[in-house]
Amino acid sequence: MNAGDQAAANAISADGSRIVGWNYNNQTGYITAVFWSGTNTITDLGRLNNGSYSAANGVSADGSVIVGRAFDGNAMDVSRAFRWTQSTGMVSLGLLSGDDISMSTGISGDGNVVVGDSINSNTNASRGFRWTSAVGMQTIEQWLIDKGSNVNLGGISVASTTATNEDGTVVVGKLSNGDGYIARATDGIIDTTDYSKTIGDTAILLPTLANYQSDLVMHGAHGSPIQNLLNKDAQSFGIAGDIGRQDHKEADGNMGVGEASYARGLTNNATFKIALGTTYTANNTAWDGKTSLRGIYVIPELTFRLPNSPLYSTLSAYYNEGNADIRRNYLNGGQVASSAGSSDVRQAALRLRLDWQNAFILQNTSFTPYTSLTYSRSDMEGYTEHGGGFPIRWDKRKDDSTQLRLGLDATHRMNDRFTLLARIEAVHRMETEGSTASGQIIGLQSFELPGIAYQQNWLRAYVGAEGAAGPGRASITLNGSTEGSTPNAWLYGSYRWIF
């Protein structure tokens with residue numbers, strides 16, 4: 001076409017009026033930068049000072065400004081970044097100090113900002129640049145410093161710049177460590193690998209903490225309902241708490257539960273209990289970030305013996321309303337920055353449990369097998385972070401958990417006042433993965449992350465003791481689990497007055 005037998009298109013203007021690239025002219029023997037217009041004609045942009053090669057790589061939104069690389073006939077036919085307009089023709093943009101090669105890779109939509117690479121051929125070191133007519137060519141680091149950002153990448157530098165936005169206030173490219181980057185005027189520069197990890201960690205952590213809390217209440221403080229059975233019209237008041245530590249792959253931190261409860265014997269084989277409590281979880285994240293979740297919950301519970309059966313059934317409901325404070329830390333310009341926000345979190349759960357009390361007895365040790373099915377749901381409101389230069393607006397989300405448990409309790413009676421306790425339990429979570437997380441890096445781009453792959457099977461066990469203490473009874477157990485949505489280890493204690 002137009003005396004050419006090879007050509008390539010590299011970019012198109014936003015309005016579709018021009019496509020830019022290069023064309024090989026078999027009559028002249030040169031490859032030159034060109035654009036194709038809507039009339040299906042090709043326009044040759046020429047060569048730089050009669051150099052031997054040129055190619056266009058980018059074009060403004062309206063097609064009026066074109067950039068690329070051209071061999072400069074006035075500089076020993078070495079590559080230079082160029083900018084072309086109808087009025088100026090092809091103009092060299094020069095080099096960064098100390099370099100001898102440059103090329104343009106992108107242009108802002110308004111045509112005023114050009115980005116590209118400047119290279120030292122002796123060291124093969126490349127630096128990304130940003131060019132304007134007012135300032136000329138400068139490194140991305142210097143541009144950010146001039147805009148008031150602190151930039152100290154610690155031996156890492158901007159190796160290339162591949163694109164910019166409509167007004168040139170955002171540039172992207174690659175760092176010398178191979179990671180991508182996003183730089184924004186006045187806000188700084190982030191390593192996209194590091195930054196993406198902090199997004200992923202935050203997306204995983206909040207529903208994980210909510211699951212931890214509901215599990216610790218339902219299967220910790222309320223994990224042994226038949227131990228609280230009362231005779232008809234008997235009443236009890238109790239206090240209980242769990243304090244634990246989780247160090248699974250999804251979370252690393254501490255948590256606790258504290259509650260007060262009241263129970264009454266409806267019949268000799270049925271007891272109603274209601275508890276009011278509080279939950280707290282605090283977890284560490286990357287670069288000393290932190291996510292904490294606090295809530296207040298209520299849990300009504302009915303335990304009764306099935307007619308003409310050795311089985312006891314327990315129906316439990318759980319509702320927790322709380323607030324999460326999230327401080328997401330990441331590197332901005334080599335310095336730790338924080339983007340923080342808060343989210344309202346609601347948790348609800350239902351559990352059906354069956355216990356075969358004292359199914360078999362060996363001397364002074366009684367064994368009670370049990371099974372339970374628990375469904376819980378966590379709803380997390382959307383929130384907007386503030387601070388840090390690159391905050392995120394998170395969408396609301398929900399997360400479900402359905403767990404089947406099969407366990408065996410053992411009680412060994414030492415005497416009338418003191419009993420040893422033990423438990424082994426297997427847990428299966430029916431969901432294979434968590435909910436997706438979505439949001440927008442404010443002013444930049446939207447994202448959607450897949451849910452985390454859940455550990456579906458794990459074991460839990462405890463050892464402890466229960467005994468008379470003053471006017472009531474006290475119990476304490478040391479618990480541990482392998483994986484899943486239960487903490488690694490936690491200590492449970494309770495004290496109950498019966499009257």
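Please read all numbers here as calculations on a predicted model, not as lab measurements. Reckoned from all heavy atoms, side chains included, excluding hydrogens, waters and symmetry mates.
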Return the [atom1] to [atom2] distance between [X] and [Y], rounded to the nearest 0.5 Å.
| X | Y | atom1 | atom2 | value |
| --- | --- | --- | --- | --- |
| R327 | S342 | CZ | OG | 14.0 Å |
| T279 | Y212 | OG1 | OH | 15.0 Å |
| I189 | N152 | CD1 | CG | 12.0 Å |
| L352 | S316 | CG | OG | 9.0 Å |
| M103 | I119 | CE | CD1 | 4.0 Å |
| S104 | W131 | OG | CH2 | 9.0 Å |

*asked:* Between D146 and W143, is the side chain to side chain contact (heavy atoms under 4.5 Å, CB included) condition met? List the steps.
replied: CA-CA 5 Å; D146 289 349; W143 167 60; 5.7 Å; no

*D379 with R377: basic N within carboxylate O range, under 4.0 Å*: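 Yes, D379 and R377 are salt-bridged.
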
_Regarding K174 and D117, does a basic nitrogen lie under 4.0 Å from an acidic carboxylate oxygen?_
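No.
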
Do [X] and [Y] get their side chains close enough for a donor-acceptor pair, meaning under 3.5 Å?
| X | Y | result |
| --- | --- | --- |
| T139 | R127 | no |
| T281 | Q213 | yes |
| S37 | T41 | yes |
| E425 | H219 | no |
| Y181 | T161 | yes |
| E431 | T402 | yes |
| Y330 | S339 | yes |
| S13 | R18 | no |
| S108 | D167 | no |
| N211 | S401 | no |
| Y383 | E381 | no |
| Y297 | Q347 | no |

_Stepwise side chain to side chain donor-acceptor pair (under 3.5 Å) check, D201 with T285_ = CA-CA 7 Å; D201 288 348; T285 54; over 6 Å; no

*Heavy-atom neighbours of R294 CZ exceed 12 at 6.0 Å*: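 Atom CZ in R294 is not packed in, count stays at 12 or less.
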
*Tell me, with the steps shown, if I199 and R328 meet side chain to side chain contact (heavy atoms under 4.5 Å, CB included).*
CA-CA 8 Å; I199 296 178; R328 185 177 59 88; 4.3 Å; yes

*Within 45° of the axis and under 6.0 Å from the centre of the six-membered ring of Y318, does NZ or CZ of R351 qualify?*
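Judged by the rule (NZ or CZ under 6.0 Å from the ring centre, within 45° of its axis), R351 is not positioned above Y318.
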
*May I ask you to decide if the ring planes of W394 and F447 are parallel, tilted or perpendicular, using 30° and 60° as cut-offs?*
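Rings of W394 and F447: perpendicular, as their planes differ by over 60°.
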
*Where do R47 and D77 land on the salt bridge (Lys or Arg N to Asp or Glu O under 4.0 Å) test, with the steps shown first?*
CA-CA 11 Å; R47 294 175 285 142; D77 213 31; over 6 Å; no

